[in-house]
Amino acid sequence: MARITAGVGSSHVPLLGVAVDQGKTRDEYFGPIFAGYDWTKKWEEEEKPDVVILVYNDHASAFDANIIPTFAIGCGERYKPADEGWGPRPVPDVEGHADFAWHIAQCLILDEFDMTIINEMDVDHGLTVPLSMMFGQPEKWPCKVVPLAVNVVTYPVPSGNRCWALGEAIARAAESFPEDLNVQIWGTGGMSHQLQGPRAGLLNREWDNRFLDMLEADNDDVRHIPHIEYLRETGSEGIEMVMWLIMRGALGKKVKRLHRHYHIPCSNTAIGHIVLEPLSE
Amino acid sequence: MARITAGVGSSHVPLLGVAVDQGKTRDEYFGPIFAGYDWTKKWEEEEKPDVVILVYNDHASAFDANIIPTFAIGCGERYKPADEGWGPRPVPDVEGHADFAWHIAQCLILDEFDMTIINEMDVDHGLTVPLSMMFGQPEKWPCKVVPLAVNVVTYPVPSGNRCWALGEAIARAAESFPEDLNVQIWGTGGMSHQLQGPRAGLLNREWDNRFLDMLEADNDDVRHIPHIEYLRETGSEGIEMVMWLIMRGALGKKVKRLHRHYHIPCSNTAIGHIVLEPLSE
Amino acid sequence: MNIHEYLEEFEDIPGTRVYTAARARKGYHLNQFAMSLMKAENRERWKAGERAYLDEWPLTEDQKLAVLARDYNRMLELGGNIYFLSKIFSTDGIPFAEACSTMTDMTFPEYRQMMLDGGRSPDGNRSIKGGY
Amino acid sequence: MNIHEYLEEFEDIPGTRVYTAARARKGYHLNQFAMSLMKAENRERWKAGERAYLDEWPLTEDQKLAVLARDYNRMLELGGNIYFLSKIFSTDGIPFAEACSTMTDMTFPEYRQMMLDGGRSPDGNRSIKGGY
Ligand SMILES: [Fe+3]
Ligand SMILES: [Fe+3]
C-alpha cells in the first residue's frame with residue numbers, strides 16, 4: 001500500500017522561482033524566506049518520498065479561458081515547465097507516476113468525485129516553485145509527482161469542505177494501491193495576497209497564523225471557512241489556501257506539526273509553510 | 001424560476017441522423033423507428049420548451065484522449081455540429097443559453113459537484129441526433145440547449161448514484177434561476193448495444209424494458225444498478241444509459257409516463273425512448 | 001467498492017474489452033493517431049502513405065501492424081477505443097456495422113441478419129466464469 | 001448556500017473585483033487575447049502593431065481602449081482576470097508588483113515600501129457596508 005507519510009502546505013510565489021534560478025536565495029531580501037525552508041529541505045533529504053501528490057493551481061498557463069476543470073489530475077508520464085511569458089524555468093522536467101495517478105483517479109471517480117483526467121500539460125510556477133523550495137536545484141527532481149490542479153480562479157471555486165473531503169478520499173485511495181510507496185501530499189498557494197484592484201497589497205499576518213493554527217488542530221473546523229472570509233481577510237488571491245485543505249484532509253483527524261514558518265512579504269505575498277505528520281488515532 | 005417540466009430519455013444512434021439528413025425516415029427500415037417518435041414530435045410542438053439541458057456524451061469528437069472530464073457543462077453562446085469524419089451534419093448550429101448554463105454550473109459547484117466548464121466546443125451526434133428526433137428538420141432549432149457532456153467511455157465512468165444525484169442538484173439549481181423558463185432535461189444514449197469485440201451486436205430487449213419500467217417507478221432503485229450489470233446485460237456501450245439517470249434524478253420521486261417506445265435494431269443498437277413528467281408529491 | 005474488485009469483474013465478460021484506465025494508457029497514442037484522421041488534410045496524408053503517416057506517431061510496432069491490417073480486435077487489445085478507432089474505418093468508407101462484424105466470427109451479411117433477427121442474445125454471453 | 005447570496009457578498013469587498021462567472025463571460029475574449037501573448041510569435045506581432053493585433057479579436061471597443069491604455073482596473077471591470085492580464089504586462093517587461101501598484105493610488109516606490117512595511121492592512125478593507 002501507498003503510505004501518506006506527511007503533508008506540506010506552502011506558498012508558491014513565482015518570484016521565489018526567480019530567486020532560485022538567479023542564485024539570489026541568500027541575499028538580504030530573500031534570505032529570511034529561504035532560511036525558513038532550510039529545515040524542510042534537510043527533512044525532505046531524509047524522508048526521500050517516492051511520490052508527491054502536488055495540489056496546485058494553474059495560472060492561465062496550461063488551461064486557457066475555454067476550459068475550467070474544478071479538479072484535474074495529471075495521469076501522464078512527464079510534464080514540462082510552462083513558458084509563462086519569459087521562457088520556461090530552467091528546472092528539470094517533472095516526472096509523473098502514471099500508475100499511481102491513474103489508481104488515484106479511478107478510486108476518486110468511484111468515490112463520486114467528478115475528476116477531469118489530463119495526460120499532457122505543462123506545469124507552471126504553482127507546481128515548480130514548491131519543488132524548488134523543498135528540493136533546491138537538483139539535476140533531476142528526487143521524486144515523482146502527481147499534479148492535482150484545482151480551479152481557484154473562476155468563482156465558485158470548490159468549497160473548503162469539498163477540498164477536505166477530496167483529501168480524505170485521496171487517503172483512502174492511496175491505501176488500496178498495491179505497491180509500497182512513501183507518499184507526501186502538498187497543498188500550495190497563498191498565503192494572504194491580493195494582486196488586483198485598489199486593494200492590491202493586502203496582507204493579513206494574524207489571519208494567516210490563525211489558519212496555520214487551525215491546520216495543526218485535532219479537528220476539522222478549518223474546512224468550514226467560507227469563501228467570503230478568505231476574500232475579505234486574505235485578499236482576492238488568498239483563496240488559494242483552500243488547496244491546503246486537500247492536503248490536510250488527507251492526513252486524518254490528528255496531526256503532529258514538525259515545522260512552521262511565516263514571513264512577510266515576498267513581492268505582493270505573505271509566505272508561509274507548514275510540515276505536518278499524520279498521527280494514528 | 002426555471003421549471004423542469006419534463007424529462008426525455010432517448011437513444012442517439014448516428015445512423016438516425018443519416019436517415020434524417022438523407023430523407024429516409026419513412027422507408028421500410030427506418031419507418032418503425034421514426035413512427036415511435038411521431039407522438040413525441042407533436043408533443044414537443046405543443047410544449048415549446050425554452051431550453052433543453054441535453055445530457056450526452058462526446059464520442060471522440062470535441063475531446064481527444066488527452067483530457068477526460070467526468071461532467072462538462074457547456075456555458076457558451078453557440079455550438080457547431082462536429083465533423084465526425086464525413087463532414088458536419090447539415091443541421092442548424094445549436095444555440096446555447098449562457099445565462100442559464102452559467103447559473104446551473106455555479107450552483108452545481110457550490111453544491112459540491114466538481115464540474116468542468118466549457119465555453120467553446122463542437123457537438124457530435126450524441127447531441128444533434130436527439131434534436132433531430134424530437135424536432136425534425138427546422139431552419140433553426142426551436143429552443144436553446146445547455147450541453148452536459150458525461151464521460152461514459154473511459155472507466156470508471158460516474159456511478160448511477162452520482163448521476164441521479166447530479167440530476168437532483170440540477171433541479172435545485174433550476175429553481176433558483178430568476179427568469180421564468182420552461183426547461184426540459186434529456187438523457188441520451190443507449191439502449192443496449194456493443195460496438196466492439198467478438199460479442200459485438202449484443203442486444204437485450206428484456207433488460208432494456210425493465211430499465212424503462214424502473215424509470216417510470218415511484219422510487220430510485222434504478223440509481224443503484226452497478227456498472228458491471230450494464231456491461232454484462234446491455235453490451236459495452238449500453239453504459240450510456242447512466243446518462244438517463246441524470247434526467248430521471250432531476251424529475252423528483254414520482255413521475256407520470258407520457259410516452260414510451262422501443263424498437264430493435266437500428267444498425268447495432270436497440271432504440272428506445274421515454275417521455276416523463278414530474279409529479280408533485 | 002474497491003477498485004480492484006471493480007476492475008476484475010470487467011475481465012469476466014466474454015468477447016469484450018472494457019476501456020479501462022489501463023487500456024486508455026496503453027492505447028493513448030494509438031487513439032490520438034486515430035483522432036488525427038478527423039482532419040481532412042491528415043486523411044490525405046494518411047491515404048498517400050499509411051506506414052509513413054503511422055511512423056510519425058509513437059506507436060508500438062504491434063500497434064502499427066494491427067492498424068495496417070485493420071485488425072480491430074488486436075487494436076482493442078492494444079488499448080484502442082472503438083470511438084477513436086472509428087475514425088480509421090470512416091476514412092476507409094466502411095460503415096460502423098460492417099467494422100463491428102469484422103470483430104466477430106461472422107461475415108457482414110451474417111452479422112446484419114443477426115441484428116435484423118433481434119441481435120446477439122445475452123444468454124451465455126454475460127459471464128465467462130459463470131457461463132450464463 | 002444560495003448562489004445569489006453567495007455572489008452578492010462578493011460585491012461588498014472594497015477595491016476588489018472577484019472573478020465570478022459573470023466577469024469570466026464578459027471578459028472571455030479579453031482573457032483569450034491576453035493568453036495569446038504566451039507565444040513568442042504573437043508577442044512579435046503585438047509589439048509591431050498593438051491596435052492591429054487587438055482588432056483581430058472580438059473585443060469591445062472599451063476593452064481595446066483599456067488594453068491600449070494599460071488601464072488594469074478598467075480591464076478588471078470589463079472581465080479581465082489578473083492571471084490572464086499578466087501576459088500583457090509581462091510582455092511589456094513590467095514586474096507583477098509594479099503592475100499591481102498601477103491599480104492602487106500609490107506610485108510603485110510607495111507601494112513597494114508599503115509591502116516592505118507589512119502590506120496593506122485588512123482593517124477597514126474587509127467590508128464596504130460594514131466599514132470594518
Ligand atoms: Fe498562485
Ligand atoms: Fe453514444
Side-chain angles (χ1 to χ4, degrees), chain A residues 13-15 18 29 57-66 68 82-87 122 124 126 151-157 159 192-207 226-239 264-270, chain D residues 1 3 6-7 9-10 12-21 23-24 27-32 34-40 43 72-73 76 80-87 90-91 93 95-97 99-106 111 114-122 125-127:
Chain A
V13 185
L15 193 61
V18 178
Y29 188 83
N57 65 298
D58 181 74
H59 304 76
S61 305
F63 302 112
D64 66 9
N66 185 33
I68 309 168
D83 181 346
E84 299 183 52
W86 49 87
D122 290 347
D124 74 9
N151 168 43
V152 290
V153 173
T154 309
Y155 282 80
V157 307
S159 68
S192 54
H193 63 307
Q194 172 145 344
L195 304 177
Q196 54 121 318
R199 200 176 70 143
L202 184 134
L203 298 181
N204 194 339
R205 178 188 293 271
E206 201 186 322
W207 196 98
H227 290 164
I228 186 68
E229 181 171 336
Y230 290 99
L231 284 161
R232 288 197 202 279
E233 297 285 348
T234 76
S236 50
E237 277 63 56
I239 191 69
I264 273 179
C266 175
S267 182
N268 304 285
T269 308
Chain D
M1 175 175 218
I3 186 73
Y6 175 84
L7 293 172
E9 286 182 329
F10 292 173
D12 181 48
I13 304 171
T16 304
R17 289 162 194 88
V18 181
Y19 188 65
T20 55
R23 291 207 171 85
Y28 183 72
H29 294 292
L30 172 58
N31 290 320
Q32 291 293 69
M35 185 96 185
S36 76
L37 298 178
M38 284 182 78
K39 288 201 176 128
R43 289 195 293 266
Y72 286 100
N73 276 329
L76 294 173
N81 171 271
I82 197 64
Y83 293 122
F84 289 92
L85 300 180
S86 73
K87 319 299 178 194
S90 292
T91 302
F96 221 120
C100 284
S101 74
T102 72
M103 294 177 255
T104 68
D105 56 5
M106 285 172 230
Y111 179 84
M114 172 182 77
M115 295 317 295
L116 288 172
D117 294 343
R120 185 185 305 278
S121 167
N125 279 315
R126 295 177 177 96
S127 166

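Hydrogens, waters and symmetry mates are skipped; everything else that's a heavy atom, side chains included, is used. Proteins get letters first, then strands, A, B, ... in listed order; numbering begins at 1 in each.
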Task: Heavy-atom contact with chain D under 4.5 Å, split by part of A:Pro226 - done: neither

Open item on the list: Is A:Leu203 in contact with chain D via its backbone, its side chain, both, or neither, using a 4.5 Å heavy-atom distance?
Closed with: both

Separation between [atom1] of [X] and [atom2] of [Y], rounded to the nearest 0.5 Å:
| X | Y | atom1 | atom2 | result |
| --- | --- | --- | --- | --- |
| A:Gln196 | D:Ser86 | CD | OG | 12.5 Å |
| A:Thr269 | D:Met115 | OG1 | CE | 7.0 Å |
| D:Arg17 | A:Arg199 | CZ | CZ | 12.0 Å |
| D:Leu76 | A:Leu195 | CG | CG | 10.5 Å |

Open item on the list: Less than 6.0 angstrom separating the ring centers of D:Phe10 and A:His227, yes or no?
Closed with: no

So for [X], is it side chain, backbone, both, or neither that comes closer than 4.5 Å to the heavy atoms of chain A?
| X | value |
| --- | --- |
| D:Met35 | side chain |
| D:Ala24 | side chain |
| D:Phe96 | both |
| D:Asp105 | neither |
| D:Asp117 | neither |
| D:Arg23 | neither |

TODO: Take D:Gln32 and A:Asn66, measure what side chain to side chain donor-acceptor pair (under 3.5 Å) needs, and give me the verdict at the end.
DONE: CA-CA 8 Å; D:Gln32 291 293 69; A:Asn66 185 33; 5.6 Å; no

- [ ] With sequence neighbours left out, write down each residue that passes side-chain hydrogen bond (donor to acceptor under 3.5 Å, both in side chains) with A:Tyr155, or none if nothing qualifies.
- [x] none

Open item on the list: Could you work out, with side-chain hydrogen bond (donor to acceptor under 3.5 Å, both in side chains) as the rule, every residue matching A:Asp124, not counting sequence neighbours?
Closed with: A:His59, A:Ser61

If we only count heavy atoms from C-beta on, is the [X] to [Y] side-chain gap below 4.5 Å?
| X | Y | answer |
| --- | --- | --- |
| D:Arg126 | A:Asn204 | yes |
| D:Ser127 | A:Arg232 | yes |
| A:Trp207 | D:Pro122 | no |
| D:Pro95 | A:Leu15 | no |
| D:Asn31 | A:Asp64 | no |

TODO: May I have the step-by-step check of side chain to side chain contact (heavy atoms under 4.5 Å, CB included) for D:Leu116 and A:Tyr29, ending in yes or no?
DONE: CA-CA 10 Å; D:Leu116 288 172; A:Tyr29 188 83; 3.7 Å; yes

- [ ] For side chain to side chain donor-acceptor pair (under 3.5 Å), just list the numbers for D:Tyr83 and A:Asp58, CA-CA rounded to whole Å, side-chain angles, deciding distance to a tenth of an Å, and then say yes or no.
- [x] CA-CA 9 Å; D:Tyr83 293 122; A:Asp58 181 74; over 6 Å; no

TODO: Under 4.5 Å, counting heavy-atom pairs only, tell me which of D:Asn73, D:Thr16, D:Leu7 racks up the most with chain A.
DONE: D:Thr16

Task: side chain to side chain contact (heavy atoms under 4.5 Å, CB included) assessment of D:Ile82 paired with A:Glu237 - done: CA-CA 10 Å; D:Ile82 197 64; A:Glu237 277 63 56; 4.2 Å; yes

